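Everything below concerns the one structure shown next.
The structure displayed is predicted, hence computed values, not measured ones.
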Amino acid sequence: MKPSFKKVFTGLALASTLIATSAANAANSAIDNILSSNELKVCFEAGYIPFEMKTKDGRFIGFDIDIAKHMARSMDVKFVPVNTAWDGIIPALQTGKCDIIIGGMTVTAQRNLKVMFTDPYIEIGQTVIINPALKGEITSYRDLNDAKYRISSQIGTTGAEAAKKHLPKATLDLFETSADAVLQVANGKADAFVYDLPYNALYASQNKDRVAHLAESFTYEPIGMAIRQDDPNFLNFLNNYLVQIKKDGTYNRMYKKWFESDSWVDSIQ
């Protein structure tokens, strides 16, 4: 049976709508806004060592900052830092206050419902900083799963989620910043601090007389860059950019600068 003219026209109309929608989505890519404004606006929260930090003279530095600046130069646009409180960082992206989050953000299922993630550009995990008086008593994160222990972490982070999941019997106190949270252990107000390995390793090395570090990660956390949903053009650019800098040595130079050297430590607040 031949299709009726009505069905043919309906099919053509639907196809036209799909094409128009695809074209609109392509046109709405963040890439267009970045190139037209000549700015790459990057969200992060300064204070996450060694990914993004603020120097004593007010500059932003760190592993993520170097990547973001290099990306901006590669696009021939200006790097614009957008320092944002962690609990508001995804809303900031969604409302257009920045084009991308390059801020040590772990890829999780819940976050992926709100944003698109690039392929991971680094992998880390959660470790535990403890009061040195507990070194003989606490030899694994599992030992902290007891009602007699008080744990600290930063609100809205995977460290907080890991503490809730793996240490449900302990008392958990959450703080606005990682600096405030880890200080609870250093000042003897908490027994342990749960947070990301790079941050904990550096903090412990600088405060050997005040804290001890259980350096074995007990979670797997891939770190990705986050962008707004429905932007395959930008995602394609970013994933190819990451491949390029990993293959040409740029990524390795940045990694060594921030993770294998502490020459920058004296410059931060």
Check your understanding: Is it the case that more than 12 heavy atoms not belonging to K246 sit under 6.0 Å from its NZ atom?
Key -> yes
Review point. If you group Ile, Leu, Val, Met, Phe, Trp and Tyr by side-chain heavy-atom gaps below 4.5 Å, do I67 and I31 land in one group?
Key: yes
Exercise for review: Please answer whether the main-chain N or O of G188 pairs with a side-chain N or O of N131 as donor and acceptor at a distance below 3.5 Å.
Suggested key: no
Point to revise | For T106 against F117, the heavy-atom pair lying closest together | key: O-CZ, 3.9 Å
Check your understanding: Should L235 and I90 be regarded as members of a common hydrophobic cluster, given that ILVMFWY residues are connected when their side-chain heavy atoms come within less than 4.5 Å of each other, either directly or indirectly?
Key -> no
Exercise for review: Look at the side chain of N236 and the backbone N and O of N239, then say whether any donor-acceptor pair between them is shorter than 3.5 Å.
Suggested key: no
Revision key, fill the gap. Closest non-hydrogen contact found for Q126 with A162 is CG-CB, 3.9 Å
Practice item. Evaluate the side-chain hydrogen bond (donor to acceptor under 3.5 Å, both in side chains) criterion for residues Q110 and T108: first the C-alpha distance (whole Å), next the side-chain angles of each, then the deciding distance (0.1 Å), finally the verdict. Key: CA-CA 5 Å; Q110 286 300 313; T108 68; over 6 Å; no
Check your understanding: What pair of heavy atoms forms the shortest contact from L197 to S217, and how long is it?
Key -> CD2-OG, 3.8 Å
**Study point:** Near-ring test F60/F44, centroid separation under 6.0 angstrom
**Key:** yes
**Study point:** Exam field: side chain T84 to backbone C43, donor-acceptor pair closer than 3.5 Å
**Key:** no
Exercise for review: Hey, can you tell me if F259 and Y255 have their rings parallel, tilted or perpendicular (30° and 60° cut-offs)?
Suggested key: parallel
